Student: 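Before anything else, here's the structure in question.
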Protein chains: 2
Amino acid sequence: MRPNKRDELVRNALQVFYRDGFHATGMDKLVAETGVSKTSMYKHFRTKEELIVAALQLRDENFRTWFYQRIDALGQTPAKKLLASFDALAEWFQEDGYRGCMFIKAGAEYQDKDHPIHVQAAEHKRLLLEYFTDLARAAGAADPEKLGCQILILKEGAIVSAVLLKSCDPARDAKDAALTLLKGALPGWEKA
Amino acid sequence: MRPNKRDELVRNALQVFYRDGFHATGMDKLVAETGVSKTSMYKHFRTKEELIVAALQLRDENFRTWFYQRIDALGQTPAKKLLASFDALAEWFQEDGYRGCMFIKAGAEYQDKDHPIHVQAAEHKRLLLEYFTDLARAAGAADPEKLGCQILILKEGAIVSAVLLKSCDPARDAKDAALTLLKGALPGWEKA
DNA sequence: GCAAAAGTTTACCGATCAGTACACATTCTC
DNA sequence: GAGAATGTGTACTGATCGGTAAACTTTTGC
């Protein structure tokens, strides 16, 4: 097991950054919480920034793998998969440690558009947009770019609302909205 | 001019927090950028946290006042006002200093739901939800709570997407989505 | 079994963090 | 014009920030 400690470090650091935020997490806290010595950390990553980027890359991989798998399991056709996205989101929102989207938070803490961390966050959203757009195209939408973007907007809005609102059910309402959009965009398609 | 410096402090601190973030903004930077001495700051606010809460209260007042005014100017009926929200958002997104929603960022940096800063952010979203729900009710929606929440989800999603996506136009796509939702929710209503 | 790679502990660096103490200046109220 | 707010600059606290140095221990490959 050669690249062991490095991966373990990134995996554990990811949890801490997600739970506590980026600026609020110091390297000393990471030493305490990951069990990896500071010297080792700086042997693998030259700066805290590089460690954050690595954590975001892992998060992107983990999240999209999980998300796509749940969608495939919950929806059988492209159109139904677009809808099923929101069922997957509902499952996520109910998890104990749910704290919103790590990439929205990364973009919020590192706002400079050229900053590597911001770039990494933007790339995650680009990949999701591509995924939804591909599904919309496969479903036969006349304007898959627009429908894909709208589904993404609903997803991001639901994620934010699930953090900051207590009096409504964003996953359900976003899903219903998506259903309405699908009915409008997919002429020959009715009823989920 | 009695309560002068305090308001000036909050007004300037608001700009810095919005531009640079909360954890990333130290009190010394605020001294340099607001021209208010540290001693004075701590005479008005016992902690940095209290200053942030005051800045968020001002931001809430400023933003909602501006937002509601633009909506009233751009839309004449309740339904058209709901649509016009996204025209107002489009104007905001195009501003030079646009850096997303300050309350989403506040909620992202202070994730504990009981934290005063998080509470303040949630309150802002609650007020917006109430506003949209009232408009949906006035427009004659059968389920104004749901429609209001969906409009809010579209708004939050557009705000986030306007920060992290470069290849699409979230304000336009969200507006089109809102139009589709309105057509579905308002039986006797057609064409904006 | 041996050497190199990878990891560890401990102590440290200068800078910055939020927050305070104190002595002095300005301004408002009456 | 006196007293009370309200403001200021400067210097400071102890803690923490990101990052480094050096000496030591464990694991790994061959």
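Nothing here was measured: the structure is a model prediction, and the numbers come from that model.
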Student: Glu8(B) has an atom CD; how far is it from atom P of dT6(D), in whole Å?
Tutor: 16 Å
Student: Among all residues two or more places apart in sequence or in another chain, which pass the salt bridge (charged side-chain N to carboxylate O under 4.0 Å, His left out) test with Glu50(B)?
Tutor: Arg46(B)
Student: For DNA chain D, which residues of residues 44-52 of chain A approach it to below 4.0 angstrom with any heavy atom?
Tutor: Thr47(A), Lys48(A)
Student: Is Tyr42(A) near enough to dT20(D) that one of its side-chain N or O atoms lies under 4.0 angstrom from OP1 or OP2?
Tutor: no
Student: Hey, what bend do you get for the helix from dG1(C)-dC30(D) to dC30(C)-dG1(D) if you fit axes on five pairs at each end, rounded to 10°?
Tutor: 30°
Student: In whole angstrom, give the distance that lies between atom NE2 of His23(A) and atom P of dG18(D).
Tutor: 9 Å
Student: For residues 71-79 of chain B, tabulate all N or O donor-acceptor pairs below 3.5 Å that involve a side-chain atom, not counting sequence neighbours.
Tutor:
{"from": "Asp72(B)", "atom 1": "OD1", "to": "Lys81(B)", "atom 2": "NZ", "distance (Å)": "3.0"}
{"from": "Thr77(B)", "atom 1": "OG1", "to": "Lys80(B)", "atom 2": "N", "distance (Å)": "3.1"}

Student: Walk along nucleotides 8-15 of chain D from 5' to 3' and tag each nucleotide B, S or - by protein heavy-atom contact under 4.0 Å, base first, then sugar-phosphate.
Tutor: BBB-----
Student: Partners of Lys38(B) by salt bridge (charged side-chain N to carboxylate O under 4.0 Å, His left out), sequence neighbours excluded?
Tutor: Asp28(B)
Student: Residues in ring-ring contact (aromatic ring centres under 6.0 Å, His included) with Phe17(B), at least two apart?
Tutor: Phe22(B)
Student: In whole angstrom, give the distance that lies between atom NZ of Lys29(A) and atom C1' of dT16(D).
Tutor: 12 Å
Student: With sequence neighbours left out, which residue pairs that include part of residues 141-185 of chain A fulfil the ring pair (Phe, Tyr, Trp, His ring centres under 6.0 Å) condition?
Tutor: none
Student: ring-ring contact (aromatic ring centres under 6.0 Å, His included) with Phe132(A): which residues, sequence neighbours excluded?
Tutor: none
Student: Hey, are Glu109(B) and Lys105(A) close enough for a salt bridge, meaning a charged N less than 4.0 Å from a carboxylate O?
Tutor: no
Student: Could you work out, with salt bridge (charged side-chain N to carboxylate O under 4.0 Å, His left out) as the rule, every residue matching Lys113(B), not counting sequence neighbours?
Tutor: none
Student: So, using ring-ring contact (aromatic ring centres under 6.0 Å, His included) as the criterion, who are the partners of His23(B) when residues are at least two apart?
Tutor: Tyr110(B)
Student: My understanding is that only residues two or more places apart in sequence, or in another chain, count here; which of them pass side-chain hydrogen bond (donor to acceptor under 3.5 Å, both in side chains) with Lys146(B)?
Tutor: Asp176(A)
